[in-house]
**Student:** 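Sending over a structure as structure tokens; questions will come in a sec.
Within every chain, numbering begins at 1; the chains are lettered A, B, ... in the order of the sequence lines, protein sequences first and strands thereafter.
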Amino acid sequence: MMAEEETLAELMRLAQGGDRQAYTALLTESQRWLERFFNRRCAPGNRDDLVQEVLIAVHNKRATYDPARPYLPWLAAIARYRWVDHLRSVYRKAEQELTDGDVPAGSGEGAMLARLSLDRMLAQIPEQQARVIAWVKIEGLSIREAAVRSGQSESAVKVSIHRGLKKLSALPETAE
Amino acid sequence: MYKSTQTLIQEMAEDLQPVRALRLRSGLLLLLAAVGLTVLGIALLSGLWAGVWQGEASALFLTTNGLLLILGCAAASSVLRMATPRVGNQHDGPRWAALMLAVLPVAAVLSLVGHEHPLGEIADPHGLQCFGAAMLASLLSAAVLFYWLRRGAPVAPRTAGLYLGIAATALGSAAYGLACPMDGPVHLGLWHVAPVAVGALLGRYLLPPLLRW
């Protein structure tokens with residue numbers, strides 16, 4: 001994993017200098033990494049859109065990568081930011097169902113993914129808020145269905161989601 | 001999204017231009033220049049209080065301005081680092097520094113308990129002048145920090161806005177403190193700290209929409 005991290009950081013340094021070949025390789029690797037990162041944390045139908053949004057953000061904000069630092073924590077911070085934005089905007093869609101079809105991460109990579117993962121953010125907010133966000137914003141349940149499942153009123157579910165998203169929006173860098 | 005990710009990657013690679021990485025050191029130098037210009041402006045417009053370097057300043061005067069400076073540095077450091085995000089960046093410093101500073105207004109209010117004319121102490125004729133001057137002295141630092149964040153990629157805009165407001169007003173109040181010879185606990189604890197509270201509120205509620213990207 002360390003070797004991959006160093007390779008990615010080197011590719012980004014070259015890309016900041018204008019090396020298109022290195023940049024293509026970097027973005028392709030970033031795409032694969034992001035697909036695993038978002039696995040089971042957004043509906044599969046939305047995952048590619050989210051990956052593309054993060055890649056565009058990487059492109060637009062590539063000057064904010066500090067070449068003296070590792071690449072993946074920078075990429076993960078941007079991915080988390082875009083993910084919270086995505087959760088704010090996503091609503092139930094018919095095709096939203098979770099699948100296990102993605103390639104599982106290797107063990108070394110798993111450790112890095114675990115440290116940077118979206119679950120670390122969800123673990124920092126109250127359990128009830130994380131649960132209803134997952135149900136409504138990721139699994140695609142309606143507010144009513146989430147209310148029945150949680151035993152809360154619909155307005156309480158809405159408040160939990162609102163408060164949970166507000167807390168998540170402060171955590172992209174600090175939750176690890 | 002209508003195109004494949006591979007097509008998007010190819011298009012972005014073709015569009016690639018060299019960029020200069022955003023360096024923390026450059027941001028620090030820019031902020032230092034802003035604070036220096038602010039102090040120079042205060043010196044020219046109001047004149048600095050000579051008592052500061054002639055040994056006439058009270059311990060409370062030095063403590064208050066020292067705490068303001070430390071809070072300003074801690075918050076500004078967080079703001080500058082927020083422009084280049086990464087998982088693992090912690091921004092706890094400004095919170096603790098803000099709590100330390102908060103002791104001053106609490107102490108000022110407690111010192112008035114049992115006072116014969118507490119409102120008379122608070123209704124300090126110079127208080128509003130110091131408050132306004134400190135707010136004005138915050139503008140240049142605020143502009144630099146805002147510019148830096150707009151160039152960067154802050155991933156927690158609410159926190160970034162809050163810390164920007166705190167950093168600019170704490171530095172502004174510390175800078176103006178060099179021109180104010182008053183060293184009473186109520187004057188320093190209320191009127192020199194109030195700009196930071198106002199800056200925090202303005203930053204927290206006005207700036208986040210402008211910092212989103």
Side-chain angles (χ1 to χ4, degrees), chain A residues 12-13 15-28 30-31 34-35 48-53 55-82 84-85 115-117 120-121 166 169-176, chain B residues 1-28 78-95 147-163 204-205 208-209 211-213:
Chain A
M12 187 54 164
R13 276 190 286 275
Q16 285 182 326
D19 185 329
R20 291 178 181 171
Q21 199 176 347
Y23 194 43
T24 305
L26 175 80
L27 291 178
T28 304
S30 298
Q31 176 199 352
L34 288 166
E35 284 171 355
D48 289 348
D49 287 353
L50 197 47
V51 169
Q52 288 189 9
E53 279 178 29
L55 290 177
I56 291 169
V58 165
H59 182 68
N60 291 334
K61 293 292 184 180
R62 62 190 184 279
T64 70
Y65 168 69
D66 181 346
R69 290 171 150 191
Y71 173 73
L72 288 175
W74 175 78
L75 178 64
I78 290 175
R80 285 174 167 192
Y81 177 58
R82 282 284 173 253
V84 175
D85 269 357
R115 190 181 142 246
L116 303 176
S117 80
R120 293 292 172 99
M121 291 176 76
K166 198 171 170 184
S169 70
L171 297 173
E173 285 189 278
T174 52
E176 61 173 337
Chain B
M1 298 281 165
Y2 59 91
K3 56 182 92 166
S4 78
T5 305
Q6 271 313 305
T7 310
L8 178 72
I9 288 174
Q10 282 169 8
E11 285 180 6
M12 290 194 296
E14 283 165 16
D15 178 52
L16 184 70
Q17 298 295 326
V19 290
R20 183 183 292 181
L22 211 57
R23 301 278 186 180
L24 180 66
R25 192 176 49 192
S26 307
L28 279 172
S78 281
V79 170
L80 293 172
R81 282 186 295 124
M82 281 177 175
T84 53
R86 67 188 289 263
V87 173
N89 273 351
Q90 299 295 329
H91 303 291
D92 291 336
R95 288 183 199 172
Y147 162 75
W148 200 254
L149 281 178
R150 289 290 299 168
R151 278 187 67 192
V155 294
R158 285 197 188 107
T159 313
L162 173 71
Y163 285 0
R204 168 63 183 77
Y205 291 101
L211 295 174
R212 291 193 193 288
W213 50 279

**Student:** Answer with side chain, backbone, both or neither: which region of Q16(A) has an atom nearer than 4.5 Å to a non-hydrogen atom of chain B?
**Tutor:** both
**Student:** Given the options V19(B), T5(B), L16(B), I9(B), which has more heavy-atom pairs under 4.5 Å with chain A than any of the others?
**Tutor:** L16(B)
**Student:** Step by step, would you call R120(A) with L171(A) a side chain to side chain contact (heavy atoms under 4.5 Å, CB included)?
**Tutor:** CA-CA 9 Å; R120(A) 293 292 172 99; L171(A) 297 173; over 6 Å; no
**Student:** Identify which of A68(A), A22(A), A170(A), A77(A) forms the greatest number of heavy-atom pairs closer than 4.5 Å to chain B.
**Tutor:** A77(A)
**Student:** Would you mind checking which part of Q10(B) comes under 4.5 Å of any heavy atom in chain A, side chain (CB onward), backbone (N, CA, C, O), both or neither?
**Tutor:** neither
**Student:** Could you tell me which of S30(A), A15(A), S169(A), G18(A) has the largest number of non-hydrogen atom pairs under 4.5 Å with chain B?
**Tutor:** G18(A)
**Student:** Is it true that the side chains of Q90(B) and T174(A) contain a donor and an acceptor less than 3.5 Å apart?
**Tutor:** no
**Student:** In terms of heavy-atom proximity below 4.5 Å to chain A, should R151(B) be classed as side chain, backbone, both, or neither?
**Tutor:** backbone
**Student:** Consider only side-chain N and O atoms of Q31(A) and E35(A), and report whether a donor and an acceptor are under 3.5 Å apart.
**Tutor:** yes
**Student:** Do any N or O atoms from the side chain of Y163(B) and from the backbone of H91(B) form a donor-acceptor pair under 3.5 angstrom?
**Tutor:** yes
**Student:** Indicate yes or no: at least one non-hydrogen side-chain atom of L24(B) is less than 4.5 angstrom from one of T84(B).
**Tutor:** no
**Student:** Of the backbone (N, CA, C, O) and the side chain (C-beta and beyond), which part of Y65(A) lies under 4.5 Å from a heavy atom of chain B, both, or neither?
**Tutor:** backbone
**Student:** Top residue by heavy-atom pair count (under 4.5 Å) with chain A, among N89(B), D15(B), D92(B)?
**Tutor:** N89(B)
**Student:** By salt bridge (Lys or Arg N to Asp or Glu O under 4.0 Å), which residues pair with R13(A), not counting sequence neighbours?
**Tutor:** E10(A)
**Student:** So what's closer than 4.5 Å to chain A heavy atoms on T159(B): side chain, backbone, both or neither?
**Tutor:** side chain
**Student:** Can you tell which part of R20(B) gets under 4.5 Å to a heavy atom of chain A, answering side chain, backbone, both or neither?
**Tutor:** backbone
**Student:** Would you mind checking which part of N60(A) comes under 4.5 Å of any heavy atom in chain B, side chain (CB onward), backbone (N, CA, C, O), both or neither?
**Tutor:** neither
**Student:** Does the side chain of S26(B) come under 3.5 Å of the side chain of W148(B) through a donor N or O and an acceptor N or O?
**Tutor:** no
**Student:** Counting heavy-atom pairs closer than 4.5 Å to chain B, which one of V51(A), T64(A), L75(A) comes out on top?
**Tutor:** T64(A)
**Student:** Which is it for W213(B) and L149(B) under the side chain to side chain contact (heavy atoms under 4.5 Å, CB included) test, yes or no, and what are the steps along the way?
**Tutor:** CA-CA 10 Å; W213(B) 50 279; L149(B) 281 178; over 6 Å; no
**Student:** Name the option with the most non-hydrogen atom pairs under 4.5 Å to chain A; the candidates are E14(B), R158(B), R23(B).
**Tutor:** R158(B)
**Student:** Report the option among A153(B), A156(B), A160(B) that has the most heavy-atom pairs separated by less than 4.5 Å from atoms of chain A.
**Tutor:** A153(B)
**Student:** Using non-hydrogen atoms only, which part of A83(B) is less than 4.5 Å away from chain A: side chain, backbone, both, or neither?
**Tutor:** backbone
**Student:** Kindly indicate whether the side chain of I56(A), heavy atoms from C-beta on, has any atom under 4.5 Å from the side chain of M12(B).
**Tutor:** yes
**Student:** For the residue pair R86(B) and Y71(A), establish whether any side-chain heavy-atom pair is separated by less than 4.5 Å.
**Tutor:** no
